[in-house]
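Working notes, beginning with the structure itself.
Since the structure is predicted, the reported quantities are computational estimates derived from the model, not experimental observations.
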Amino acid sequence: MANVIQPSNHVGFDSITHQIERRLLKRGFQFNIMVVGQSGLGKTTLVNTLFASHLADSCGRIDPSEDFSRTPDIKVVSHVVEESGVRLRLNIIDTPGYGDQVNNEKCWDPIVKYIKDQHSQYLRKELTAQRDRYLPDTRVHCVLYFIQPTGHGLKPIDIVVLKKLTETANVVPVIAKSDSLTLVERERFKRQLQEEFAYHKLRLYPNDSYEEYDEDDRRLNQQIKQMLPFAIVGSEKLVTVNGKEVRGRVHRWGVINVEDEKHCEFPHLRNFLISTRLQDLIETTAHIHYESFRAKQLLALKGNSAAATSSQAQHSSNQAGSTTQQQQQQQQQQQQQQHGVQPQQQAAAAAMVGASSSVTPSRSGSTQPYSNGK
């Protein structure tokens, strides 16, 4: 390991962080967030509350005459959000129709397929001979999974879908509309869900397997894990509390202030996702989930190429063997024909000799049969 040397005078390379910052601010940042959950759990409302802007409209079924979607639709809404000179290109991926059918078998397939398709699309662009300097990133950086506030643990569909999603993306579970639970019910429900997460070995975000984490990061991750799933409440409506306008929900018994940690855990979720872990979500998507997908695809491509080469070599060998066999057969036929012509020529010559001994020349020069008669 190289020794660390302190220059005696100021050199100036300590300004590289400011250079990187200026370049990144000029380019902007990309963040793609997906929301997964049944209709009516407030997925779109939560995203709008997270960024304090109306970014997306609800895709739920409103008209009674509207048909139910048979499979989840993937709908993407894109915006550029700017705060203090920092531009964030935001893609919001909604999944209306998930879990709304009587038979929800394989209803998660379009969601998992979309996530893998974005990895595949990025890999194709990465492997092109003349690729863009900065590849457009549509990979899903975070999946917010909404759990119904039933108070009775995970449903079978939740377990299956969480296992599928955690294999391909960073998944953060939340308890939707937690104001429908009392504080005691909420804490009991959270403990039950944490036990089920551990029992089913769900690799939820954050995951300590990322090598870039130091001791401080691991300590913070441990605190976050103790808070999962976040019991949240979302609202775009402004209500007045103590003479101050805040985002909240009005009930008969009072007002839910979504910014108040005593009412819900929305402030913890926003601080976790945006203020402290936004860049980490992007990096873990690229370095863990995408790299795993990329390695599998390239190994499969290498295996297919080796199999194709082996098959082509075998085919060439078979053709060469067939050609050699045909040449040998032709040589044998030629030899047989040569050996067969010589006996025929000898037999023809003997027949001609016998025929010449049985005739004598006449005076006129014609040949006539020999006769002993007088």
Do [X] side-chain atoms and [Y] backbone N/O form a donor-acceptor pair below 3.5 Å?
X      : Y      : answer
Thr285 : Leu281 : yes
Lys43  : Gln38  : yes
Asp132 : Leu135 : no
Glu265 : Ile232 : no
Lys190 : Leu228 : no
Lys164 : Ile159 : no

Side chains of [X] and [Y] in contact at under 4.5 Å (non-hydrogen atoms):
X      : Y      : answer
Lys237 : Arg247 : no
Leu165 : Trp108 : no
Leu193 : Pro173 : no
Val35  : Ile93  : no
Phe272 : Ile224 : yes
Met34  : Leu144 : no
Phe293 : Ser120 : yes
Val258 : His263 : no

Between the side chains of [Y] and [X], is the shortest nitrogen-to-carboxylate-oxygen separation below 4.0 Å, so that they form an ion pair?
X      : Y      : result
Glu196 : Arg191 : no
Asp137 : Arg139 : yes
Arg249 : Asp179 : yes
Glu126 : Arg294 : yes

Provide the closest heavy-atom pair for [X] versus [Y] in the form atom of the first, atom of the second, distance.
X      : Y      : result
Gly37  : Thr95  : N-OG1, 4.2 Å
Phe146 : Ala176 : CD2-CB, 3.8 Å
Gly248 : Ser235 : O-OG, 2.6 Å
Pro229 : Phe197 : CD-CE1, 3.8 Å
Lys177 : Ser180 : O-OG, 2.9 Å
Lys125 : Pro136 : NZ-CG, 3.4 Å

Testing the 3.5 Å rule here: is there a donor-acceptor pair between the side chains of [X] and [Y]?
X      : Y      : answer
Asn170 : His141 : no
His79  : Asn91  : no
Lys155 : Gln148 : yes
Thr17  : Glu21  : no
Arg186 : Thr182 : no
Thr240 : Glu245 : no

Hydrophobic clusters here meaning ILVMFWY residues chained together by side-chain heavy-atom distances under 4.5 Å, can you tell me if [X] and [Y] are in one?
X      : Y      : result
Leu24  : Leu278 : yes
Ile115 : Leu123 : no
Val76  : Val140 : yes
Ile282 : Leu25  : yes
Leu88  : Val86  : yes

Query raised in the report: Is the centre of the Phe266 ring less than 6.0 Å from the centre of the Phe230 ring?
Result: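 Distance test on ring centres: not under 6.0 Å, no.
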Please report the interatomic distance [atom1]([X]) to [atom2]([Y]), rounded to the nearest 0.5 Å.
X      : Y      : atom1 : atom2 : answer
Leu90  : Ser78  : CG    : OG    : 8.0 Å
Arg87  : Phe29  : CZ    : CZ    : 10.5 Å
Ile147 : Leu162 : CD1   : CG    : 6.5 Å
Ile157 : Leu154 : CD1   : CG    : 11.5 Å
Gln130 : Thr128 : CD    : OG1   : 8.5 Å
Met227 : Gln194 : CE    : CD    : 10.0 Å

Does atom [atom1] ([X]) have a neighbourhood of more than 12 heavy atoms from anything else shown, all under 6.0 Å?
X      : atom1 : answer
Gln19  : CD    : yes
Tyr134 : OH    : yes
Lys225 : NZ    : yes
Arg203 : CZ    : no
Asn242 : CG    : no

**Report entry** Option from Asn221, Asp280, Thr166 for which side chain to side chain donor-acceptor pair (under 3.5 Å) with Tyr205 holds
**Finding:**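 Exactly one candidate clears the test, Asp280.
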Requested in this report: Would you mind telling me which of Leu269, Val233, Leu41 makes a side-chain contact (heavy atoms from CB on, under 4.5 Å) with Leu46?
Outcome: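 Output: one option passes, namely Leu269.
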Query raised in the report: Among Thr49, Leu50, Leu55, which residue meets the side-chain contact (heavy atoms from CB on, under 4.5 Å) test with Ser53?
Result: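 Single pass found, and it is Leu55.
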Report task. Kindly determine whether Leu298 and Leu127 satisfy side-chain contact (heavy atoms from CB on, under 4.5 Å), including the steps that lead there. Result -> CA-CA 11 Å; Leu298 293 181; Leu127 296 179; 4.1 Å; yes
**Report entry** salt bridge (Lys or Arg N to Asp or Glu O under 4.0 Å) assessment of Lys113 paired with Asp117
**Finding:** CA-CA 6 Å; Lys113 182 179 181 301; Asp117 285 348; 2.8 Å; yes
Report task. For salt bridge (Lys or Arg N to Asp or Glu O under 4.0 Å), just list the numbers for Arg270 and Glu259, CA-CA rounded to whole Å, side-chain angles, deciding distance to a tenth of an Å, and then say yes or no. Result -> CA-CA 10 Å; Arg270 183 177 58 189; Glu259 304 286 348; 2.6 Å; yes
Requested in this report: Let me see the working for Tyr145 and Asp158 under side chain to side chain donor-acceptor pair (under 3.5 Å), right down to the final yes or no.
Outcome: CA-CA 9 Å; Tyr145 188 83; Asp158 295 327; 2.5 Å; yes
Query raised in the report: Parallel, tilted or perpendicular: which fits the ring planes of Tyr290 and His119, with parallel below 30° and perpendicular above 60°?
Result: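 Because their plane-to-plane angle lies in the 30° to 60° range, the rings of Tyr290 and His119 count as tilted.
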Requested in this report: For Arg219, check salt bridge (charged side-chain N to carboxylate O under 4.0 Å, His left out) against everything at least two apart and list the hits.
Outcome: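 Testing Arg219 for salt bridge (charged side-chain N to carboxylate O under 4.0 Å, His left out), a comparison that skips the adjacent residues, returns Asp216.
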